[in-house]
Amino acid sequence: MTVEETYLKGCFTITPKVIKDERGYFFESFNKAQFEAQTGIFANFVQDNQSQSSKGVLRGLHFQTGKYSQAKLVRVITGSVLDVCVDLRQESLTFGKHFSIVLDAKVNKQLYIPKGFAHGFLVLEDHTIFSYKCDNYYNKASEKGIIYNDKTLNIDWNFPTENLILSKKDKALPTLETYLNE
Ligand SMILES: Cc1cn([C@H]2C[C@H](O)[C@@H](COP(=O)(O)OP(=O)(O)O[C@H]3O[C@H](C)C(=O)[C@H](O)[C@H]3O)O2)c(=O)[nH]c1=O
């Protein structure tokens, strides 16, 4: 596997070594020893999640707060997404900055998103399956979010707004400013 730190400290892209033969392919989707050796992060993942979505679905931007904050290791099993993570760490020099990357089942690249980040993704193909590890359990009461088209974050989703499919909850998410004025 190859690991590359993004410009957001502690956020890494991980590209597994895919072994192909006449039957198809094989790769280690997670190897704790290699992950720790190459990122220096000792994540104790406790929950795996999986969702399937059609093209145009946008899930996010979500995060859990306080002691329930989650680091995530995200990947696509089939299809492709534009994945976006936003640095919300108060003390960070890159607070409010985001990193976007296309994750797809062809290259199998993964993204490690540290605690203190908001996360969302836009689905680029029908029947996309998104799978990720979390280092903390789901805690509904601590769930927060930022609206996907927040002016301060200024994320380019590069997709026609009229074709986006969001949950009722996500359509009603507040702006980043709401939290800054709390
Ligand atoms: C996240 C989660 C949800 N749920 C239940 C709650 C709802 O009944 C249903 C769908 O939840 P939600 O609409 O929040 O699912 P997503 O919009 O995919 O949310 C996720 O999408 C963004 C991109 C993330 O990074 C978060 O992990 C997560 O917030 O699953 C659970 O039972 N356990 C869980 O860990």
Side-chain angles (χ1 to χ4, degrees), residues 6 8 10-14 29-30 35 39 41 43-89 92 94-105 108-150 152-159 161 163-176 178-179:
T6 69
L8 301 176
C11 179
F12 293 87
T13 62
I14 293 133
S29 50
F30 179 67
F35 178 83
T39 62
I41 288 163
N44 171 32
F45 295 116
V46 294
Q47 181 176 317
D48 278 10
N49 293 337
Q50 182 165 316
S51 62
Q52 182 184 43
S53 312
S54 320
K55 182 174 178 179
V57 165
L58 195 157
R59 295 177 184 255
L61 299 155
H62 301 155
F63 58 99
Q64 292 192 172
T65 54
K67 66 176 186 174
Y68 297 105
S69 64
Q70 295 171 309
K72 295 167 189 165
L73 179 60
V74 306
R75 69 191 185 104
V76 163
I77 293 182
T78 58
S80 57
V81 305
L82 176 67
D83 201 88
V84 177
C85 62
V86 182
D87 188 351
L88 298 177
R89 296 170 297 192
S92 171
T94 51
F95 177 85
K97 299 291 181 206
H98 66 274
F99 174 76
S100 313
I101 182 171
V102 171
L103 300 177
D104 68 33
N108 292 297
K109 197 167 270 208
Q110 303 178 12
L111 184 65
Y112 175 77
I113 303 164
K115 288 179 188 294
F117 277 60
H119 173 240
F121 60 88
L122 166 69
V123 179
L124 302 173
E125 292 175 50
D126 280 332
H127 314 300
T128 286
I129 296 178
F130 192 82
S131 172
Y132 52 109
K133 294 180 161 319
C134 303
D135 74 346
N136 215 341
Y137 293 106
Y138 174 58
N139 179 275
K140 190 167 180 54
S142 72
E143 258 199 318
K144 300 263 186 236
I146 298 172
I147 191 79
Y148 74 99
N149 59 359
D150 182 275
T152 311
L153 300 183
N154 193 27
I155 296 166
D156 178 5
W157 295 97
N158 194 23
F159 199 87
T161 310
N163 297 350
L164 288 176
I165 305 163
L166 285 92
S167 65
K168 224 162 121 235
K169 177 186 81 170
D170 287 356
K171 283 179 188 161
L173 288 173
T175 60
L176 174 64
T178 320
Y179 297 104

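Being a predicted model, the structure only gives us computed values, none of them experimental. Remember, it's 1-based here, ligands and their atoms both numbered in the order they're listed.
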Item to check | Between His119 and Phe130, ring centroids under 6.0 Å | outcome: yes
Checklist entry - When you look at His62 and Asp170, which way does the side chain to side chain donor-acceptor pair (under 3.5 Å) test go after all the steps? => result CA-CA 9 Å; His62 301 155; Asp170 287 356; 2.6 Å; yes
Item to check | Minimum-distance protein heavy atom relative to atom 35 (O) of ligand 1 | outcome: Gln47 NE2, 2.9 Å
Next on the checklist: I'd like to check atom 8 (O) of ligand 1 in this structure: does the protein have a heavy atom lying under 4.0 Å from it?
Outcome noted: no
Next on the checklist: Tell me whether Lys140 reaches ligand 1 (any heavy atom closer than 4.0 angstrom to a ligand atom).
Outcome noted: no
Item to check | Protein contact for atom 2 (C) of ligand 1 (heavy atom, distance under 4.0 Å) | outcome: yes
Checklist entry - Applying a 4.0 Å heavy-atom criterion (strictly less than), which segment of Gln70 is in contact with ligand 1: side chain, backbone, both, or neither? => result neither
Checklist entry - Please state which protein non-hydrogen atom is closest to atom 6 (C) of ligand 1 and give its distance, to 0.1 Å? => result Tyr138 OH, 3.5 Å
Checklist entry - Looking only at heavy atoms, which two atoms of Cys85 and Cys11 are closest? And how far apart? => result SG-SG, 3.7 Å
Checklist entry - Would a 4.5 Å heavy-atom cut-off, applied to side chains only, mark Leu176 and Val86 as touching? => result no
Checklist outcome for this item: ligand 1 to Glu143, heavy atom cutoff 4.0 Å, flagged ligand atoms 14 (O), 29 (O)
Next on the checklist: So if I count the atoms of ligand 1 from 1 in the order they appear, which ones are less than 4.0 Å from some heavy atom of Phe121?
Outcome noted: 23 (C)
Item to check | Protein heavy-atom partner closest to atom 25 (O) of ligand 1 - residue, atom, separation in Å | outcome: His119 ND1, 2.7 Å
Checklist entry - Do the non-hydrogen side-chain atoms of Leu164 and Leu122 ever get within less than 4.5 Å of each other? => result yes
Checklist entry - ligand 1 and Asp170, any nitrogen or oxygen pair closer than 3.5 angstrom? => result no
Checklist entry - How about Lys115: does its NZ atom have over 12 heavy atoms from other parts shown lying under 6.0 Å from it? => result yes
Next on the checklist: Within the protein, is there a heavy atom lying under 4.0 Å from atom 14 (O) of ligand 1?
Outcome noted: yes
Item to check | Closest contact, heavy atoms only, Gln47 versus Tyr138 | outcome: OE1-N, 3.2 Å
Next on the checklist: Please confirm whether Tyr137 approaches ligand 1 to less than 4.0 Å, judged on its heavy atoms.
Outcome noted: no
Checklist entry - Which atoms of ligand 1 have any heavy atom of Lys72 under 4.0 Å away? => result 24 (C), 25 (O), 26 (C), 27 (O)
Checklist entry - How does Asn49 reach ligand 1, if at all, at less than 4.0 Å between non-hydrogen atoms: by side chain, backbone, both, or neither? => result side chain
Next on the checklist: I want to know whether Phe63 and Tyr179 have ring centres closer than 6.0 Å.
Outcome noted: yes
Checklist entry - In the protein, what heavy atom is nearest to atom 29 (O) of ligand 1, and what distance, to one decimal place, separates them? => result His62 ND1, 2.7 Å
Item to check | Contact summary for Leu88 and Ala118, nearest pair of heavy atoms | outcome: CD1-CB, 3.7 Å
Checklist outcome for this item: Distance col, row Leu166:CG vs Ile147:CD1, nearest 0.5 angstrom, shows 7.0 Å
Item to check | Protein contact of atom 27 (O) of ligand 1 - nearest heavy atom, named by residue and atom, plus distance | outcome: Tyr132 OH, 2.8 Å
Checklist entry - Which protein non-hydrogen atom lies closest to atom 16 (P) of ligand 1, naming both residue and atom, and how far is it? => result Arg59 NH1, 3.6 Å
Checklist entry - How far apart are the closest heavy atoms of Leu82 and Ser100, and which atoms are they? => result CD1-CB, 4.1 Å
Item to check | Heavy atom of Lys169, distance to ligand 1 below 4.0 Å | outcome: yes
